[in-house]
Every structure is written in C-alpha cells, then in structure tokens.
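Letters A, B, ... are given to chains in the order of the sequence lines, protein chains preceding strands, and every chain is numbered from 1. Side chains included, hydrogens not; waters and symmetry mates left out as well; all remaining heavy atoms used.
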There are 2 protein chains.
Amino acid sequence: MNILIVEDEKRLASALKQILTEQKYMADVVYDGEDGLEYGLSGIYDVIILDVMIPFRDGFSVARELRKNKIQTPILMLTAKDTVGDKVSGLDSGADDYMTKPFAPEELLARIKALTRRKGEVILDESSFGDFQFNASTGMLSKGSKSVHLNFKEAEIMKLLIANRDIIISKEDIITKVWGYDSDAGSNNVEAYVSFLRRKLNFIQSTSEIKAIKKVGYRLESRDD
Amino acid sequence: MNILIVEDEKRLASALKQILTEQKYMADVVYDGEDGLEYGLSGIYDVIILDVMIPFRDGFSVARELRKNKIQTPILMLTAKDTVGDKVSGLDSGADDYMTKPFAPEELLARIKALTRRKGEVILDESSFGDFQFNASTGMLSKGSKSVHLNFKEAEIMKLLIANRDIIISKEDIITKVWGYDSDAGSNNVEAYVSFLRRKLNFIQSTSEIKAIKKVGYRLESRDD
DNA sequence: GACAAGCCTTAAAAAATCCATAAAGACCAA
DNA sequence: TTGGTCTTTATGGATTTTTTAAGGCTTGTC
C-alpha cells in the first residue's frame, strides 16, 4: 500500500511518515503543491494525504487538478482546526475525506483504513485476548456474561495493548498514539487510564492483566503461564 | 436494474455511480446530452438520471426527444438549487421526477425506488425493531394501537438506525447520509432530531431506545436484557 | 532501614459532550 | 398572506469523560 504525504511542516510530515511506516505502509513525502501534483499524477498511490496550506499550489488546487486528470486516488485532506468552511471546499475540490489538525494517529489510521476499504466489505472489530473479548466498534469489554463499556480513550488504549499482544508498549508510544503527536499529556495520564482499565478488567473477573515494566512500558498478559 | 447517468460534472457523476452500485444497481455514465440521448434510445435502461445543464444538448431536449421516440423509461431530472422554474420545464419535457442539487444519497435512492415501482405494486417498506414497527413509505411509527407520524428527516434517521441495527452509527455518517455530502449541518442538528425521535418512541410506549455512545455515535437498542 | 524513583489509586476539578426544550426561521399549501 | 408544519439554531443544564493533583505503595540501592 503506497501513500503520498504532501505536507510542508517538516515535523508533521515526518511524524506522519513514521506512523504509516510503522503500520507497514510505504510512504513518500513531498513538501509543496507542485511536487504533490506531479507525484500524484503518477497514479501509483493508494491514498494521498494532502495538507491545504502548502507552498506554490494549495491543496484544493492539487486535488482539483488530479481529478481533472482522471486520477481517482482517494484524497485525505488536512486542515487547521478553525477553518470549518474548508470542509466544503475540500470535498468540492475532490477530496474524499477531511481531517483537522491536530489529530491522533489512531484517527489517521482509521480514516486511511476507511478510504482503502472496498465497498461492502464488512469489518468486525472484535478481538479476544486471554480470557476476555473486546469489541472495538462498540467499546464493549466482556468475559462470559459480564461486560463493561469502555469510554473513548480507554478503548483506544485497550486496542493498542491488544494489538501489541505480548510485546511491551511504552508510555510515550501510548501518548503519541492516543493523545496525538503534539499533545501535552504526561505519563500520569496514561497511568490513570491504565488504572481505569485494570479496574474494569477486574470487574469482569478477567485473569488477564496489564503489567507494568518499570522504565519501559506496559504489556497485556494472560495468566496461563 | 440498469441505470443511465447523464452528468458532466465528473465528481458528481462518479459519486452517483458509487451510490448506485453500492445498492447493486448497474450504472452507466455518459457526460453529455448527445451521448445521453443515444444511450437512452437503446431502451435498455430502467431509469435515466439526467442533469439539465450538460454539453451539446440540454436535459430538457434529451427528455423530449426520448419521449418523442416512444421511450418510456422513467427520467429523474437533476437541476441546481435556485432554478426553481426548471421544475415545470422538466416535468413538461417528459421527466417523471425532479431533484435539486445538492441532495442526500438517501433521497436519491428513495426517488429511484419510487420511479421503478410499478403502478399498483404494493410495497411494504415495513420494518420492525424490538417492540415497534416502522413503515418507511408512510412514515408511521407504531406499537400496538399507538402510532405517530415521523416527518422526513426523522424518518430518514430512523431508517438509518434500523438499518444499522446494533452497530453504532456516527453523527458524521448521519449528517452525510441525511443532510448530504456538503451540507453544513452540525452535530446539534442530529442531536435535536434524535431527541424528537426519542420523544416519539416514548409516546408510543416503546421500550426500545436510541442510545448515545459518547464520542462515537448512536445505536438503536431493544430492551430485552 | 532510609531513601529515591517510578508507578498506582483515588478524589475532585475542569472540560467536553449530549440532552431537552424553546424560539426563530423556512417552506408550503390553502 | 396566513396558518401550519418542518427544520434549524440557541441555550442552560445534566452527564460523562478527561485532566490534574496528592499521597501511598513497591522496588532497588546504599
């Protein structure tokens, strides 16, 4: 899966690239609209992430030009928080989806997944670990007849823990993935949420546990050693 | 079911095609009036979606010419919002229905369904969920002897909720499907309608409820736990 | 044992989200 | 135009989520 990133803010661009390559996407980065258009016209990409405010040629223009040239690659448009009107212009100019900065990596990945999902394909976001199940789309954590609802951030963290199964995930990772690349959440935020999750795992009487590894991070473990 | 789309705005044309193919319709697209006429004359289509403002030969003319050649295929005419007078000309020229741009996908599908419904054919767009029934064609929501009428938007939202049964549907989704892809309706609009629906569900004494999942969306649930 | 560092839990404050309702506006038919 | 219905917008309050902060616990070191 090839993704083109058109973003002039170096810091954000490289963060994006990192998020994507971590998920095994191939990502190319260009820093202005002219290059974005040229690369996009090649037609080799599966998704184009396109910032609106970029040098030489803005994102709307790039999108329009691509569509004019019959390039149907899904476009995910990035814009600053407050420019709500951009949404309309964005979709009008041919973008398929639209995301305001700043955003959490998880959201980015979800949107890319949605854009590349074939129509009609049904996805069940149900996973199980150890002795419990977690349904990511409803946020329900359950074991047997017991179940609890996880709120948004709890669910995000649980997803990460399950996705990373028996490997250790650092607090830093959790922060950047759940709170976003430029959030100012600290390690205590993660600790608090881990605590909430433990209480809920406990409530459903799961024997699995979120283990802390000092100075390294957390790991979800099932107790069948 | 074969549908012909005659629309020169590439983006809209492909959006239309996508909406239709998602519903298992076969859709062909042509980009001007000449082609539209030629394809339409083949008589193989069950519906023709015809934009008024298209190159070479406008929609009215295409419609008239088709009718002159005894082609009875139902025609759904598309025109821009403000040209209200077109409605008359459209129906005069032989169109069967008429829709202003922009429109919500749900509306398009409803109109096509209406056009392809054979006269006298009785359709029961009746669905039930939990302890109540909803008749999508009359907009009647009922349980036992109690019933209320749902107005257009209430009905659209109810349809979505029922169609999505126990899965969560996001406000964004509801907005794009009910208000249209470039509307500027906000989450408050959805909230207001959900509130209306709850009141009506309550009025007919249904025990089903529309549950909100914070930061995620809504889900219709029947209370039989 | 005393200390420090990192982690845990909890309560409470702050913020975000959702709710119901009212009021204003738009639309349509008579 | 007027009255009625449908839709949008605004508001304050209720609820839930998220953040913050403080003190306690555990582990490792001296």
Phosphate OP1/OP2 of C:dC8: any A:Y218 side-chain N/O under 4.0 Å: yes
side-chain N/O A:W179 vs D:dT19 OP1/OP2, d < 4.0 Å: yes
Nucleotide C:dC18, atom P - distance to CG of B:L197 in whole Å: 17 Å
Whole angstrom value for the distance that separates P of D:dT7 from CD1 of B:I175: 15 Å
Distance, rounded to the nearest Å, where B:K200 contributes NZ and D:dT5 contributes P: 11 Å
Under-4.0 Å side-chain N/O to phosphate OP1/OP2 contact, A:K171 with C:dC7: yes
B:E209 CD - C:dA20 P separation (whole Å): 11 Å
Distance in angstrom units between B:I210 CD1 and C:dC19 P, rounded: 9 Å
Evaluation steps, salt bridge (Lys or Arg N to Asp or Glu O under 4.0 Å), between A:E221 and A:R219: CA-CA 6 Å; A:E221 296 181 352; A:R219 174 174 50 193; 2.9 Å; yes
side-chain N/O A:Y193 vs C:dC7 OP1/OP2, d < 4.0 Å: no
Enclosure of A:E172 CD (heavy-atom neighbours >12, cutoff 6.0 Å): no
Residues within residues 151-160 of chain A bordering DNA chain D, heavy-atom distance below 4.0 Å: A:N151, A:F152, A:K153
Residue B:M140 excluded, over 12 heavy atoms near CE under 6.0 Å: yes
Any donor-acceptor N or O pair under 3.5 Å, side chains A:S222, A:D131: no
For atom CD of A:E191 and atom C1' of D:dG23, their distance in whole Å: 14 Å
Parallel, tilted or perpendicular: rings of B:F129 and B:F132 (30°, 60°): tilted
Rounded distance in Å - NE2 (A:H149) to P (C:dC18): 11 Å
Interatomic distance, A:K214 NZ vs D:dT29 P [rounded to whole Å]: 11 Å
With the criterion being N/O to N/O and under 3.5 Å, what pairs connect the protein with nucleotides 10-15 of chain C, and how long is each?
unit_1	atom_1	unit_2	atom_2	d
C:dT10	OP2	A:R199	NH2	3.2

